[in-house]
Amino acid sequence: MADPQEVLTQRVQSALGAAFGADYAETDPVIRPSQFADYQANAALALAKRVGRKPRDVAAEIVAHLDVADVCREVEISGPGFVNLTLREDWIAGRAQELRADDRLGTPRQEPRNIPIDYSAPNVAKEMHVGHLRTTVVGDALARTLEFLGHNVIRQNHIGDWGTPFGMLIEHLLEVGEDSADAALLKTDPNAFYQAARVKFDGDEEFAARSRGRVVALQGGDAETLRLWRDLIELSKAYFNRIYATLDVTLTDADLAGESTYNDMLGPICDELQAKGIAEVSEGALCVFLDGFTGREGKPVPLIVRKSDGGYGYGSTDLATIKYRTEELKADRIVYVIGAPQSLHLQMVYETARKADWLGDTEPVHVQIGNVLGTDGKILRTRSGAPIRLMALLDEAVERAAKVVAETRPDLDDAARAAIAREVGIGAVKYADLSISHDTEYIFDFDRMLALNGNTGPYLQYATARIRSIFRKGGLDPAEATGPVVVTEAAERALALRLLGFGAAVAQVGDTLEPHRLCAYLFDLAQSFTSFYESCPVLKAEDPSVRASRLALTAVTLDTLVKGLGLLGVTAPERM
RNA sequence: GCACCCGUAGCUCAGUGGAUAGAGCACCGGACUUCUAAUCCGAUGGUCGCAGGUUCGAAUCCUGCCGGGUGCGCCA
């Protein structure tokens with residue numbers, strides 16, 4: 001057990017039990033980081049009323065029964081009843097030493113749960129936009145993190161591969177030819193393909209009529225139509241996969257679970273809802289009306305499960321995902337990483353599923369993703385007002401990074417510089433998405449995210465590059481830097497203490513589904529390291545035992561930064 | 001009208017009911033014959049939107065306002 005907060009919680013709980021009886025042994029001792037010590041226990045203030053004594057007396061009682069001689073160097077009652085706890089340097093060093101031999105770096109292995117994660121979900125024949133970028137990056141980080149914590153993560157890429165636009169798209173594909181340059185646009189610039197189809201649909205009545213007929217054929221299972229439809233999807237998949245490869249995202253074709261996969265479930269779902277009296281026909285459409293969901297002018301808002309033309313919309317497919325994930329995937333928790341604007345819709349889907357008894361004990365969670373804005377505070381667009389092509393945006397990030405690398409590393413060859421620029425550029429974009437709490441809107445700003453200062457990807461990558469440089473320069477292998485760790489200097493102490501918090505930070509991301517907390521931890525760690533780097537020579541340390549200790553601390557820091565960034569889906573180049 | 005998100009330093013953002021609310025950027029002042037200065041150290045900077053309430057204690061929880069954003073019947 002390396003996490004001081006966890007260790008102190010147990011110790012203080014024991015003291016509470018010893019002092020006030022077994023009933024109090026479960027009380028949260030409220031261990032928090034302190035500005036007056038390493039940690040403080042705040043339990044005494046809350047307990048004072050319950051035990052009918054003054055807070056300071058309660059604190060004194062806790063301290064009297066507290067057995068922390070091996071962990072703390074100083075225990076002090078302060079203010080109205082805070083218990084300040086200062087850790088022993090040898091204890092910190094010992095725990096840091098243990099991390100050196102722990103490939104999980106202090107991360108707990110949790111009781112495995114089945115967790116489908118719905119994320120990315122681009123549309124076939126449409127450009128992914130920055131909103132997709134964010135759900136993709138955040139969802140992937142959550143998937144990696146939950147997996148590392150020991151869970152059975154099931155990635156679910158709910159692509160938009162079904163619905164009315166496909167009539168139009170198929171007709172257009174048929175006209176231009178499956179092997180044409182126009183069709184190839186699907187792989188590189190899908191919006192161009194979509195727009196071309198759209199223009200024809202809006203301007204050519206005969207084409208529009210054929211498109212509508214094609215939708216019917218598609219839903220009716222017409223073989224030739226299905227073949228063209230699959231073609232469309234194959235071309236789009238090539239585009240998705242190129243984006244995922246560029247982004248270094250873990251999604252593969254095996255994770256595809258698009259809307260079309262639920263086709264067979266939609267009819268029965270509607271029948272069941274109707275049979276159970278949950279859904280009713282209104283204005284020709286099959287709708288679910290739920291208590292407490294009213295729209296404009298107090299009118300009840302429906303969740304439409306079957307349209308008046310007999311087609312199925314996203315209301316029914318989203319219900320199908322719940323049914324499938326609880327019944328087939330045996331989900332304990334379903335994570336939906338989807339835009340914040342869908343909040344109302346998802347609430348209605350969850351509530352409907354609950355009423356239909358499809359949820360059981362499964363907990364659906366909406367990880368709300370805020371909109372991405374430009375520096376002008378409006379939805380991100382190009383200067384001419386068009387939506388930004390995601391690949392172009394990623395290219396620009398890499399280009400900007402390349403410009404910096406060209407200036408700072410003239411000593412490296414072109415290939416090496418290009419590789420660094422790729423990792424830095426992509427890492428910067430991903431980290432920027434992850435470092436801000438996912439539910440708020442965020443302002444997309446290249447200059448800020450590519451900065452080498454502040455809570456940015458490049459800053460963290462730079463810290464790892466400097467560490468690797470130390471080992472390279474010394475001709476040493478980090479794996480062989482085994483210590484022993486001894487903590488004396490303030491910067492060594494701060495760094496070592498920080499290292500002990502990694503596991504707790506990872507666990508917190510798993511609990512709260514908030515990757516930005518891991519970013520905050522890693523940034524803090526990197527800052528602690530750079531301070532250490534400035535004030536504590538490693539290779540040049542004159543005393544061999546000091547050198548060995550610092551090398552071990554440096555190696556643990558490297559492992560932690562690389563592992564932490566890895567959980568976020570960000571790589572760190574060997575040199576920068 | 002209803003729902004969700006937001007309002008914290010000039011800007012971008014953190015903040016687990018605990019003491020004097022933090023970080024980065026910007027601005028100002030310092031530190032390079034370096035283990036990568038793409039860095040570090042320091043200073044300045046606050047009516048936590050407003051008003052009540054709960055609490056020993058509120059940026060945090062509750063209620064009501066004000067302001068901004070988004071969504072709300074046949075696209076998904």
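Residue numbers begin at 1 in each chain, while the letters A, B, ... track the order of the sequences.
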RNA chain B: A:H438 or A:Q527, which has the more 5' nearest nucleotide?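 In this pair, the answer is A:H438.
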Given that A:I304 and A:I31 both sit by RNA chain B, which one's nearest nucleotide is further toward the 5' end?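 Looking at the nearest nucleotide for each, A:I31 comes out on the 5' side.
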Is there a donor and acceptor pair, one atom on the side chain of [X] and one on the base of [N], closer than 3.5 Å?
| X | N | value |
| --- | --- | --- |
| A:S343 | B:A3 | no |
| A:T456 | B:G24 | no |
| A:E407 | B:A38 | no |
| A:N42 | B:A19 | no |
| A:S435 | B:A14 | no |

Find the partner of [N]: check Watson-Crick (N1-N3 plus N6-O4 or O6-N4) and G-U wobble (N1-O2, O6-N3) distances, both under 3.5 Å, and reply none if neither fits.
| N | value |
| --- | --- |
| B:A21 | none |
| B:A26 | none |
| B:G71 | B:C2 |
| B:U55 | none |
| B:C50 | B:G64 |
| B:U16 | none |

So [X], base contact, sugar-phosphate only, or nothing? Heavy-atom distance under 4.0 Å.
| X | answer |
| --- | --- |
| A:I436 | sugar-phosphate |
| A:P302 | base |
| A:Q5 | base |
| A:A46 | base |
| A:L45 | base |
| A:V301 | sugar-phosphate |
| A:Y533 | base |
| A:F293 | nothing |
| A:A285 | base |

Scan nucleotides 5-11 of chain B against the protein and return all N/O pairs shorter than 3.5 Å with their distances rounded to 0.1 Å.
unit_1: B:C5; atom_1: O2'; unit_2: A:D439; atom_2: O; d: 3.2

Looking at the side chain of [X], which of [options] is the nearest nucleotide?
| X | options | value |
| --- | --- | --- |
| A:E283 | B:G22, B:C40, B:C74 | B:C74 |
| A:N453 | B:G73, B:G24, B:U39 | B:U39 |
| A:Y442 | B:A38, B:A19, B:C13 | B:C13 |

Centroid under 5.5 Å and tilt under 30°, A:F82 to B:A19: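 A stacking contact exists, since A:F82 sits close and nearly parallel to the base ring of B:A19.
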CG/A:L565 to NZ/A:K430 distance, rounded to the nearest 0.5 angstrom?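 Reported to 0.5 Å precision, the distance equals 10.5 Å.
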Cationic tip of A:R32 above A:Y39 ring, under 6.0 Å, 45° of axis: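 Relative to the ring axis of A:Y39, which defines the angle, A:R32 lies outside at least one limit.
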Going by ring pair (Phe, Tyr, Trp, His ring centres under 6.0 Å), A:H172 matches just one of A:F201, A:F193, A:F166. Which one?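 Of all the options given, the one that passes is A:F193.
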Verify the neighbour count for atom CG of A:D291: are there more than 12 heavy atoms of other residues, nucleotides or ligands below 6.0 Å?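 Atom CG in A:D291 is not packed in, count stays at 12 or less.
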Please work out whether the ring planes of A:F502 and A:Y521 are parallel, tilted or perpendicular, with thresholds of 30° and 60°.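 Rings of A:F502 and A:Y521: tilted, 30 to 60°.
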Rounded to whole angstrom, note down the P distance from B:A14 over to B:C6.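 It comes out at 9 Å once rounded to the nearest Å.
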Whole-Å P distance, B:G29 and B:G68: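 Roughly 40 Å separates the two P atoms.
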So which of A:I322, A:D318, A:L273 actually passes side-chain contact (heavy atoms from CB on, under 4.5 Å) with A:T352?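 Of the listed residues A:I322, A:D318, A:L273, the side-chain contact (heavy atoms from CB on, under 4.5 Å) partner of A:T352 is A:L273.
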Is the distance between the ring centroids of A:F532 and A:F529 less than 6.0 Å?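 They qualify: ring centres under 6.0 Å apart.
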Does the distance from a Lys or Arg side-chain N to an Asp or Glu carboxylate O, for A:R53 and A:E61, drop under 4.0 Å?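 A salt bridge links A:R53 with A:E61.
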Taking A:Y336 as the fixed residue, which of A:D118, A:T135, A:T321 is the one that meets the side-chain hydrogen bond (donor to acceptor under 3.5 Å, both in side chains) rule?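 Going through A:D118, A:T135, A:T321 one by one, the side-chain hydrogen bond (donor to acceptor under 3.5 Å, both in side chains) with A:Y336 is satisfied by A:T321 alone.
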When the distance from CD of A:Q342 to P of B:G71 is rounded to whole Å, what number comes out?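 In whole Å, B:G71 P and A:Q342 CD are 11 Å from each other.
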Quickly work out the A:L346 CG to B:C4 P distance and round it to whole Å.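 That distance rounds to 14 Å.
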